Amino acid sequence: MNRLMLSALRYASYTFIVWLFAAACYAQNSIEALRLWPSPTNTRVVLDLTEQPEYSYFTLSNPERLVIDLADTKGTIDLASQANSSPLVKKVRYSTAKNKTSVRVVLELSKKLNTEIFALPPTAPYKNRLVIDLSDTSEATAQQAVMTSDNSTRDRDIIIAIDAGHGGEDPGSIGRKGSYEKNVTLSISKKLANLIDQEPGLRAVMTRTGDYYISPNQRPEIARKNKADLFISIHADAFTTPQPRGASVWVLSMGRANSELGRWMERTERHSELLGGAAEVIQDTVSERYLAQALLDMSMDHSLTTSYDISRNVIAQLKKVTKLHKKQPQAASLAVLTSPDIPSLLVEVGFISNPTEEKNLNWAKHRQKLAESVFKAVKQYFKKLPPDGTLWANNARSEKRTHRVSSGESLSLLAKRYNVRINDIKEANNLRSDTVRIGQVLTIPST
């Protein structure tokens, strides 16, 4: 081997050794940002990274800590200096790592919490992420108990659950000018809730009141825990091109409703929720199942019919303030519409991917008009068909009803139509016979 080849071989070996040393000393991944998304009972902690993370974790007690080891990673930010507004996380800091190419992150917790950790791939506007979901089940139970408490000394309010789509780590669709769907939906939802709460006999319950994430399956559960009479999810649509525009309304498809019904039937612990006190009396599990099936079938039929009717009202009101993308309610299997027992609808208020509609959706006055449209539609429906046991149902019974007699109508026909006795109609109108005249206005007594 000549001297030139030997020199080249030595240089290659030296370069390879340097490369190995560099690889050992310098991690390929790095932490670029820390973000916290607190909610009333949960906190999501997010680490933004340059690459997909390789991680492991464990917990420590006295005090409570969550320790996360990130392999082949370096920390490029000061975690301890990050602002923290979460009641569940006291502090986020670094600790002594397992080796020179890894980093150890420690979350100091306020109490023992349920923990779920997973990685997410890049999704605009975020890069690679490590997500840590912390939840306090005891706090959630206590909060639900407060939220569902009801005053039994008066007729109850009609409860409308309002769901602001997306939130926290999930921005939803993003407009060309950088508008986030999660901000648009929260703003409209708050305006809608305010309108509902100002109306005597109505009460709003929001699935989220701030910028934090709630899973789609949890949202109808919040409505159910609060015994909602209606669930409305507010969203903004998007498409790959800027041309599509207009609002639309979606309801639960029959196929999804049937699959959810079957899933509920398999969860026998839920039968008591459906049957109430009757579940304690019925000892035969077969009889209980048949009764639960019958009640769920009736409940689902009512919910789907109510959802469709209210959706038509919403479309009729929306077209007064914005263009429509769909002129009829659309049925779909959507993650947030999974309640066969609660009338539910999803309102797409417009396309945030359309430049004109993105501009409108960032306009507070337009958001107010959209909220008013949904409110008017809901109010119109429940004024006509209030749920039993509500203040509006009681008022409807006590209000004076009148009927103008048309050709072919008789007292017996009117008594059957309004479910009252003929003698009650005669007494309310001082009638001495069963004869009525066309055009005559009759007072219809309450049942």
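We number each residue from 1, following the sequence as shown. From a predicted model like this one, the values you see are computed outputs, not experimental measurements.
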Quick one: do [X] and [Y] make a salt bridge, cutoff under 4.0 Å?
X      : Y      : result
Asp69  : Arg104 : yes
Glu199 : Lys379 : yes
Arg156 : Asp229 : yes
Arg224 : Glu221 : yes
Lys111 : Glu64  : no
Glu169 : Arg35  : yes

[Y] and [X], any side-chain heavy atoms less than 4.5 Å apart:
X      : Y      : answer
Lys74  : Val103 : no
Leu318 : Val347 : yes
Leu60  : Phe58  : yes
Asn360 : Thr322 : no
Ile132 : Leu66  : yes
Leu88  : Leu109 : no
Tyr381 : Thr306 : yes
Asp136 : Asn42  : no

Roughly how far, to the nearest 0.5 Å, is [atom2] of [Y] from [atom1] of [X]?
X      : Y      : atom1 : atom2 : value
Asp163 : Arg219 : CG    : CZ    : 4.5 Å
Glu108 : Ser95  : CD    : OG    : 10.0 Å
Ile158 : Lys383 : CD1   : NZ    : 8.5 Å
Ser373 : Gln368 : OG    : CD    : 10.0 Å
Leu202 : Phe382 : CG    : CZ    : 8.0 Å
Arg367 : Leu186 : CZ    : CG    : 9.0 Å

Pairs involving residues 353-376, ordered by first then second residue, that meet ring pair (Phe, Tyr, Trp, His ring centres under 6.0 Å) (sequence neighbours left out)
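Ring pair (Phe, Tyr, Trp, His ring centres under 6.0 Å) check on residues 353-376 returns no pairs.
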Under the ring pair (Phe, Tyr, Trp, His ring centres under 6.0 Å) rule, what pairs show up with a residue in residues 163-220, not counting sequence neighbours?
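Residue pairs with at least one partner in residues 163-220: His166-His235.
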Does the [X] side chain pair with the main chain of [Y], one donor and one acceptor, at a distance under 3.5 Å?
X      : Y      : result
Glu181 : Ser173 : yes
Glu348 : Asp237 : yes
Thr43  : Pro38  : no
Thr390 : Pro386 : no
Asn354 : Thr356 : yes
Ser189 : Ser187 : no
Asp211 : Gly168 : yes
Glu51  : Leu49  : no
Arg203 : Gly201 : no
Asn226 : Ile222 : yes

Compare every heavy atom of [Y] with every heavy atom of [X], then report the nearest pair and how far apart it is.
X      : Y      : value
Ile77  : Glu32  : CG2-O, 3.2 Å
Ala164 : Arg208 : O-NE, 2.9 Å
Ser110 : Lys90  : CA-CE, 3.7 Å
Gly75  : Tyr94  : CA-OH, 3.2 Å
Ile117 : Thr115 : CG1-CG2, 3.8 Å
Pro53  : Asn29  : CA-ND2, 3.9 Å

Evaluate side chain to side chain contact (heavy atoms under 4.5 Å, CB included) for Ile232 paired with Ile160, printing each intermediate quantity in order.
CA-CA 7 Å; Ile232 303 175; Ile160 315 296; 3.9 Å; yes
Evaluate side chain to side chain contact (heavy atoms under 4.5 Å, CB included) for Leu130 paired with Leu70, printing each intermediate quantity in order.
CA-CA 10 Å; Leu130 183 66; Leu70 294 160; 3.8 Å; yes
Is a side-chain donor-acceptor pair under 3.5 Å present for [Y] with [X]?
X      : Y     : answer
Thr101 : Asp72 : no
Ser102 : Asn99 : yes
Ser39  : Trp37 : no

Give the C-alpha distance, both sets of side-chain angles, the deciding distance and a yes or no for side chain to side chain contact (heavy atoms under 4.5 Å, CB included) between Lys320 and Lys369.
CA-CA 9 Å; Lys320 298 177 182 179; Lys369 288 181 178 179; over 6 Å; no
With [X] via side chain to side chain contact (heavy atoms under 4.5 Å, CB included) - residues at least two apart:
X      : value
Ser311 : Val249, Val251, Pro329, Leu345
Leu120 : Phe118, Arg129, Val131
Ala204 : Ile162, Ala193, Ile196, Asp197

Where do Asn313 and Val378 land on the side chain to side chain contact (heavy atoms under 4.5 Å, CB included) test, with the steps shown first?
CA-CA 7 Å; Asn313 285 2; Val378 171; over 6 Å; no
Under 3.5 Å, side-chain donor or acceptor atoms of residues 239-247 against the rest of the protein: list the pairs with distances, not counting sequence neighbours.
residue	atom	partner	partner atom	Å
Thr241	OG1	Gln243	OE1	3.2

More than 12 heavy atoms of other residues, nucleotides or ligands under 6.0 Å from CZ of Arg93: yes or no?
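For Arg93, atom CZ is crowded (more than 12 foreign heavy atoms under 6.0 Å).
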Exceeds 12 heavy-atom contacts within 6.0 angstrom, atom CG of Asp388:
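No, because the 6.0 Å sphere around CG of Asp388 holds 12 heavy atoms or fewer from other groups.
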